[in-house]
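Protein chains get the first letters and strands the later ones, always in sequence-line order, with residue 1 at the start of each.
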Protein chains: 2
Amino acid sequence: VVSKLRFSISMSVDGYVAGPDQSLQDPLGKRGEELHEWVFSLSSWQEAHGGEGGDEDPVDARFGDAWSTNTGAYIMGRNMFGPVRGTWESSEPWHGWWGEDPPYHTPVFVLTHHAREPLEMAGGTTFHFVTDGIEAALERARAAAGDRDVSIGGGASTVQQYLRAGLVDEMQLHVSSVLLGAGERLFDDLGGGPHGFECVELVSSARVTHYTYVRS
Amino acid sequence: VVSKLRFSISMSVDGYVAGPDQSLQDPLGKRGEELHEWVFSLSSWQEAHGGEGGDEDPVDARFGDAWSTNTGAYIMGRNMFGPVRGTWESSEPWHGWWGEDPPYHTPVFVLTHHAREPLEMAGGTTFHFVTDGIEAALERARAAAGDRDVSIGGGASTVQQYLRAGLVDEMQLHVSSVLLGAGERLFDDLGGGPHGFECVELVSSARVTHYTYVRS
C-alpha cells in the first residue's frame, strides 16, 4: 500500500470550483453550492442531514464519498478554512465553517501565513496551521496519515500549488452542467500543465461527469 | 419550425477548444486534434475517410454529426478559415483547410476585417467574407439557411462574440478528458456569462461527455 496525494473536486463545465465573492453567507462563493447539488441528492448525504433520500444515481453514489475514503489527513487553503484574512487574533476565533464536529475526523493541515495553535474539534478533527509551505504541510500530513492517503480539500489555489510542484498522484473531477461565469478556476496558473496525467475513468450520471486521472 | 443559431464544439476538460500556436501544420493548434479523437473513432467518420470502422460508442455516434444536422448555413471566424492574417492578397489565395470539397455543403460566412470576393468550392460550399460584423453575418446566414439552422463553426472568439450578444439559442459541448494546458478557451471574455442557458441533456461515453444547453 502506497499513500497517495489526491483530490476530488466539483467543477462547473466552465471551469470554476467556487463562485466569486466568498463571504460568511456564501462559503463557496456566489452560486458555489450549485456545484455540489449532485452530492446533496445522495442518500448518504440526505441521511447525514436528516433528509428523505432522493433520486440518486448509482454512478454518483460511487463518487459521493471519494474525497474522504481512505483519507488519513487533509490539506486545505486558508480560504477553504474560513473567510478570515490576515492574523487569527479575534475575540471570537474562527473555528471553521463546519460547526463543532467537522466532517474530516482526521488531522487537517491549513496553509496560512499566520501562525496559530492547533485547534482540536469533536469527532477526531484537529486543525493544524502550517506556515512553512506546501512541502512542509505535505510532510506533516503524510506522517499523520500513515498508510492512508492525503487529500487536498481545496480550494483552487491550493490545488494549483500542489499540481505545479508535481506532487499530485490522483485527481477526480466532478463536472456538472452548471455555468457559473465567474469564481475560482481550477485549471489556471499551471504554466501549461498539469502534465503527466492519464484519464483512467470517465463516467456520468444525468447530473454530473466523473473524470478520474492518475499520474502516469 | 424556427431556425436556431447554435454551435457544437469539442472542448478539453480544462476548457480549451483549440491548442496554442495554430499554423499550417497544426490547424487546430498544438495537440488540438486530441479534442476530436472521439469523432475520428466514429464509423461515419471512418467510412468517409477510408478507415476500418472502430470501437465507437452509440452515445457518441448520436452526436458525431450534430454540428451539421439541419444546418443551412455556417458562420466561422477568420482563424478557423485559415492561418492567413491581414489582407487576402496573395499569389496563391487561401481556399480553406478542407481541400476542393469542404464538408459544409452550404454557404459559409467568414468574419473578417478584409473584404474578399465569394469563393465557390465543390459540393455546394461557398465561402462569403463578411466585414460588417456578427449581426450582419447572422442576418445573411439566416437568409441563406431558410428554415434550417445557422451553426457557428468556431473558433472560441467567434462563439464568444455571439454569446456576449445573447444571440445563441442552443449549444452543445463535447468535453473529453484531454488536458491541453494552453490554447483557446471557450468560456472566457464573457463578462460573467453566458447567462440564461438550461442544460437539457448530459450523457457520456467512456471517451467524452455531451452537454446540451438551450436558451431558457
Side-chain angles (χ1 to χ4, degrees), chain A residues 9 11-17 19-21 30-31 34 37-38 57 59-60 156 159-160 163-164 168 171-183 185-216, chain B residues 9 11-17 19-21 30-31 34 37-38 57 59-60 156 159-160 163-164 168 171-183 185-216:
Chain A
I9 203 162
M11 188 171 87
S12 67
V13 76
D14 54 352
Y16 299 101
V17 293
D21 304 325
K30 282 181 184 153
R31 294 186 54 209
E34 295 179 33
E37 272 174 10
W38 70 275
D57 187 286
V59 170
D60 293 348
V159 170
Q160 287 157 14
L163 284 173
R164 280 200 302 270
V168 176
M171 60 180 180
Q172 249 176 31
L173 311 174
H174 312 287
V175 183
S176 67
S177 60
V178 172
L179 292 161
L180 277 193
R185 264 209 160 112
L186 183 64
F187 292 106
D188 240 345
D189 301 319
L190 292 170
H195 298 289
F197 283 97
E198 180 188 1
C199 183
V200 293
E201 186 179 19
L202 186 175
V203 64
S204 85
S205 69
R207 285 179 193 272
V208 58
T209 312
H210 310 277
Y211 299 83
T212 302
Y213 297 81
V214 297
R215 194 150 59 158
S216 54
Chain B
I9 203 160
M11 188 170 90
S12 67
V13 77
D14 55 350
Y16 299 102
V17 294
D21 305 324
K30 282 182 184 151
R31 295 186 54 209
E34 295 180 33
E37 273 173 9
W38 69 276
D57 186 285
V59 170
D60 293 347
V159 170
Q160 286 157 13
L163 283 172
R164 280 201 301 272
V168 175
M171 59 180 183
Q172 248 176 31
L173 310 174
H174 312 287
V175 184
S176 67
S177 60
V178 173
L179 291 162
L180 277 192
R185 265 212 159 110
L186 183 64
F187 292 107
D188 239 344
D189 300 320
L190 292 171
H195 298 289
F197 283 97
E198 179 188 1
C199 183
V200 293
E201 187 178 20
L202 188 173
V203 64
S204 86
S205 69
R207 286 178 192 274
V208 60
T209 312
H210 310 277
Y211 299 82
T212 303
Y213 297 83
V214 298
R215 195 150 56 158
S216 52

What residue in B:S204, B:A182, B:S177 has the most heavy-atom pairs under 4.5 Å with chain A?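 So the answer, after comparing B:S204, B:A182, B:S177, is B:S177.
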Set of side-chain contact (heavy atoms from CB on, under 4.5 Å) partners for A:R31, sequence neighbours left out: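 Scan of A:R31 (side-chain contact (heavy atoms from CB on, under 4.5 Å), adjacent residues dropped) gives A:E34, A:V178, A:L180.
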Side chains of B:Y213 and A:V13: does their closest heavy-atom pair fall under 4.5 Å?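 In contact.
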Can you tell me how far apart [atom1] ([X]) and [atom2] ([Y]) are? Round to the nearest 0.5 Å.
X	Y	atom1	atom2	value
A:R185	B:D14	CZ	CG	10.0 Å
A:T209	B:H210	OG1	NE2	10.0 Å
B:L179	A:L173	CG	CG	7.5 Å

Name, in order of residue number, those residues of residues 192-199 of chain B that have a heavy atom at a distance of less than 4.5 Å from a heavy atom in chain A; otherwise write 'none'.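 If one takes a 4.5 Å heavy-atom cut-off, the residues of residues 192-199 of chain B near chain A are B:G192, B:G193, B:P194, B:F197, B:C199.
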Pick one of side chain, backbone, both or neither for B:V175, based on which atoms fall under 4.5 Å of a heavy atom in chain A.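 Its backbone and side chain both get close to chain A.
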Sort B:R207 into side chain, backbone, both or neither according to what part of it lies under 4.5 angstrom from a heavy atom of chain A. backbone
Using non-hydrogen atoms and a 4.5 Å limit, figure out which bit of A:L190 sits close to chain B: side chain, backbone, both or neither. neither
